[in-house]
Amino acid sequence: MWPAALARGNTPAHYDVIVIGGGTAGIPCALFAAMGGARVLLVEKSPALGGTLFWSTGQIAGSGTVFQERLGIADTPQAHFEDCMRINHATADPALTRLTVNHAGETINWLAEHGFEVMDGHPVTGIGHDHFTARRYQQGVKSGLSILDAFLPSLNAMVTKGKITVLTGTTVANLIQSPDGRVTGVTTAGSEGIRDVSGSNVVIASGGCAANARLFEELHGVPLYAKTAYPTSQGDGLLLGLSAGGAIVGGDKYASLPGLVPDAFQYPCQMFAYAPLNPSIRAPWEILVNARGERFVREDHPSVHHIERGVYQQPAHRHWAIFDAAMLERSEPIIPKWTRERLASEHQSHAMFHSAMSVEALALRAGLNPLALHSTVDDYNRRLQEGREDTFGRKMRPAPLSTPPYYSIAMQGWTLVSFAGLKVSVDLQVLRKGGEAVPNLYAIGEVIGAGATSGAAYTNGMLVTPAITFGRILGTRLARASLSR
Ligand SMILES: Cc1cc2nc3c(=O)[nH]c(=O)nc-3n(C[C@H](O)[C@H](O)[C@H](O)COP(=O)(O)OP(=O)(O)OC[C@H]3O[C@@H](n4cnc5c(N)ncnc54)[C@H](O)[C@@H]3O)c2cc1C
């Protein structure tokens with residue numbers, strides 16, 4: 001909770017910079033604007049500052065960091081850029097990617113100077129997504145909270161000096177525009193009622209929309225299958241930006257993660273369990289099938305992005321892991337931290353788990369086509385036994401599926417971020433459809449869409465890293481502009 005005494009601060013009638021949203025991007029933006037000499041208003045709708053940093057693993061990447069230096073790792077922004085574009089198949093915005101990688105190292109070094117410490121063995125080349133070629137990826141010892149902890153003392157000091165006014169529990173409900181389209185302030189709604197506040201520049205940093213099922217589906221053309229985003233990610237900033245004339249782009253970059261075991265086949269569902277289905281984390285023994293009972297991907301493909309794309313192409317992004325008693329006995333449990341006993345017995349209590357003494361009976365119980373599953377398993381086994389190449393080129397084929405009982409686990413493709421966002425220039429100005437800027441209006445963080453910096457993929461750290469980095473850069477630049485006015 002932000003201390004009540006600090007929540008008011010100075011309340012001048014006019015601010016140089018108004019930041020909407022006190023989360024991953026908004027905090028550094030407010031902080032660096034204030035450190036640069038601007039008078040800043042930071043408006044946060046929830047009772048506490050932090051936003052998604054409370055939930056995020058906060059994995060970030062950058063080159064030329066003190067953490068790399070400690071390990072003697074040589075790296076460059078260009079190598080970082082090439083790795084990002086390789087992982088997302090050049091689907092991210094190249095200019096925004098450049099802006100991120102050119103300044104990410106400074107961001108991480110600033111955090112390190114302010115107490116940010118990384119997990120043992122970090123930086124690494126990757127964790128849950130396709131890896132970089134160099135060790136530049138790290139997670140704080142307290143995940144996203146390590147980042148928040150690094151920011152708060154400096155922010156606190158700026159509030160005490162009267163440079164930043166923080167309003168928590170206050171929602172920005174409207175952008176004020178002059179007749180010529182310039183954004184001149186915001187309307188806030190909080191415990192003090194409805195107030196108009198004027199500002200020279202307004203920065204939307206209010207997060208994505210992956211907790212708002214209706215808006216998410218409208219902007220992506222894909223239902224929000226699972227609710228895993230931070231609850232305040234309701235898309236307020238997207239609607240504010242739209243209302244001021246901004247354009248929304250990037251919904252077509254939606255990318256699906258595999259392996260979420262839902263509480264039920266309804267959406268948005270809740271996550272009941274999670275199987276990473278990432279061969280770099282666990283070598284797969286089971287096969288994956290779709291609702292037709294057919295395999296669709298090489299389960300041990302070295303690129304988890306390839307597996308993610310495979311899931312994305314299946315009906316309703318659903319997939320089933322199929323395995324037998326021998327695989328259960330000999331492989332690491334597919335759901336981390338679960339015991340083999342739990343995996344074997346979960347079908348007695350949970351609708352996403354099934355077991356049967358034949359492949360056909362398993363298919364019927366799981367709601368899959370029995371004939372199709374039979375021939376899928378038959379094809380897998382025959383090719384293995386006859387020493388022929390796997391239909392999907394799979395290399396890791398430790399055993400056939402032939403020892404009853406057989407098991408299935410139903411899984412759902414899912415995402416924890418939104419890919420659609422406000423179109424911005426490389427100066428982070430909100431743009432209209434035609435490409436002209438909405439004067440005095442900026443956007444940073446997930447409100448510009450994960451598609452902008454992560455592309456149609458999950459590119460290591462390419463949300464938190466640009467959120468903080470753009471916050472720093474924009475805050476500093478807007479402060480300079482306010483001093484020169
Ligand atoms: C579980 C999880 C793990 C993740 N892990 C990673 C990771 O390891 N690496 C990575 O790069 N990305 C990760 N992400 C994504 C990343 O964390 C987010 O994209 C990023 O933190 C979003 O930052 P933001 O500043 O845009 O939004 P937020 O940090 O959510 O901040 C937005 C703030 O705006 C406030 N707000 C919203 N509307 C209004 C309004 N109308 N008025 C005032 N305030 C408002 C909200 O309350 C919130 O505090 C993860 C996401 C999740 C959910």
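Position 1 is the first residue of the sequence; numbering continues from there. Every number for a ligand or one of its atoms is a count from 1 in the order of the listing.
Ring orientation note: the planes of His350 and Phe353 are nearly perpendicular, at an angle over 60° on the 30°/60° scale. Using cut-offs of 30° and 60° for the angle between ring planes, the Tyr312 and His317 rings count as tilted.
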Go through the steps for His305 and Thr459 under the test side-chain hydrogen bond (donor to acceptor under 3.5 Å, both in side chains), then give the verdict. CA-CA 9 Å; His305 176 69; Thr459 309; over 6 Å; no
Apply side-chain hydrogen bond (donor to acceptor under 3.5 Å, both in side chains) to Ser63 and Asp75, showing your working. CA-CA 5 Å; Ser63 63; Asp75 195 11; 4.7 Å; no
Could you check Arg214 against Glu218 for salt bridge (charged side-chain N to carboxylate O under 4.0 Å, His left out), going step by step and ending with a plain yes or no? CA-CA 6 Å; Arg214 200 218 77 211; Glu218 281 171 20; 2.8 Å; yes
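Applying the 4.0 Å criterion to heavy atoms of Gly21 picks out, from ligand 1, the atoms 33 (C), 34 (O), 35 (C), 44 (N). Each of the atoms 3 (C), 4 (C), 5 (N), 6 (C), 7 (C), 8 (O) of ligand 1 lies under 4.0 Å from some heavy atom of Thr57. Short contacts between ligand 1 and Thr170, defined as distances under 4.0 Å to a heavy atom of the residue, involve ligand atoms 43 (C). Shown in contact with Ala25 at under 4.0 Å from a heavy atom are these atoms of ligand 1, numbered in order with element: 25 (O). Near Gly445, the atoms of ligand 1 lying under 4.0 angstrom from a non-hydrogen atom of the residue are 26 (O). In the vicinity of Trp55, heavy-atom distances shorter than 4.0 Å reach the ligand 1 atoms 1 (C). For ligand 1, the atoms sitting less than 4.0 Å from at least one non-hydrogen atom of Val172 are 40 (C), 41 (N), 42 (N), 43 (C), numbered in the order shown with element in parentheses. Residue contact check: Thr232 has heavy atoms under 4.0 Å from atoms 46 (C), 47 (O), 48 (C) of ligand 1.
From the protein, the heavy atom lying nearest to atom 31 (O) of ligand 1 is Gly23 CA, 3.3 Å. The protein atom (non-hydrogen) at minimum distance from atom 47 (O) of ligand 1 is Glu44 OE2, 2.6 Å. Among all non-hydrogen protein atoms, the one lying nearest atom 27 (O) of ligand 1 is Gly207 CA, 3.3 Å. For atom 37 (C) of ligand 1, the nearest protein heavy atom (residue, atom name, distance) is Ser206 O, 3.3 Å. Ranking the protein heavy atoms by distance from atom 20 (C) of ligand 1 puts Thr24 OG1, 3.8 Å first. Of the protein's non-hydrogen atoms, the one nearest atom 9 (N) of ligand 1 is Gln59 O, 3.0 Å. At the top of the distance list for atom 18 (C) of ligand 1, counting protein heavy atoms only, stands Glu446 OE1, 3.3 Å.
There is no side-chain donor-acceptor pair under 3.5 Å between Glu117 and Ser146. Side-chain contact of Thr107 with Thr469: a donor-acceptor pair under 3.5 Å is present, judged by distance alone. In summary, the side chains of Asp180 and Ser178 do present a donor paired with an acceptor at a separation below 3.5 Å, with no hydrogens or angles considered. Side chains of Thr97 and His80: no donor on one and acceptor on the other come within 3.5 Å.
Trp110 has its ring centre less than 6.0 Å from the ring centre of Phe151.
Between Ser233 and ligand 1, a contact under 3.5 Å exists for no N or O pair. For Thr52, a nitrogen or oxygen atom sits less than 3.5 Å from a nitrogen or oxygen atom of ligand 1, counting backbone and side chain alike. Checked against a 3.5 angstrom limit, the closest N/O atoms of Leu463 and ligand 1 fall inside it. For the pair Val464 and ligand 1, the shortest N or O to N or O distance falls below 3.5 Å. Here's the thing with Lys45: one of its N/O atoms is less than 3.5 angstrom from an N/O atom of ligand 1. Any N or O atom pair closer than 3.5 Å counts here, and Ser56 shares at least one such pair with ligand 1. Residue contacts with ligand 1: Leu53 is placed with no nitrogen or oxygen under 3.5 Å of a nitrogen or oxygen of the ligand (distance criterion only). Ligand 1 has no nitrogen or oxygen under 3.5 angstrom from a nitrogen or oxygen of Tyr230.
Taking the side chain to side chain contact (heavy atoms under 4.5 Å, CB included) definition, one finds that Gln270 meets it with Lys227, Asp263, sequence neighbours left out. Residues meeting the side chain to side chain contact (heavy atoms under 4.5 Å, CB included) test with Arg342, sequence neighbours left out: Phe272, Trp338, Thr339, Glu346.
Only the backbone of Met462 comes within contact range of ligand 1, with a heavy atom under 4.0 Å; no side-chain atom does. Residue Asp236 touches ligand 1 through its side chain alone, judged by heavy-atom distances below 4.0 Å. Here Val417 has side-chain heavy atoms under 4.0 Å from ligand 1, and that is the only part of it that gets that close. Within the 4.0 Å heavy-atom criterion, the part of Ala205 lying near ligand 1 is the backbone and not the side chain.
The main-chain N or O of Phe265 is never found under 3.5 Å from a side-chain atom of Gln412 such that the two would form a donor-acceptor pair.
Counting non-hydrogen atoms of neighbouring residues, nucleotides and ligands closer than 6.0 angstrom, the CZ atom of Phe54 exceeds 12 such neighbours.
A cation-pi geometry, defined here as NZ or CZ lying under 6.0 Å from the six-membered ring centre and within 45° of its normal, does not hold between Arg70 and Phe67.
Residues Val43 and Ile20 are not in side-chain contact: their nearest non-hydrogen atoms beyond the backbone lie 4.5 Å or more apart.
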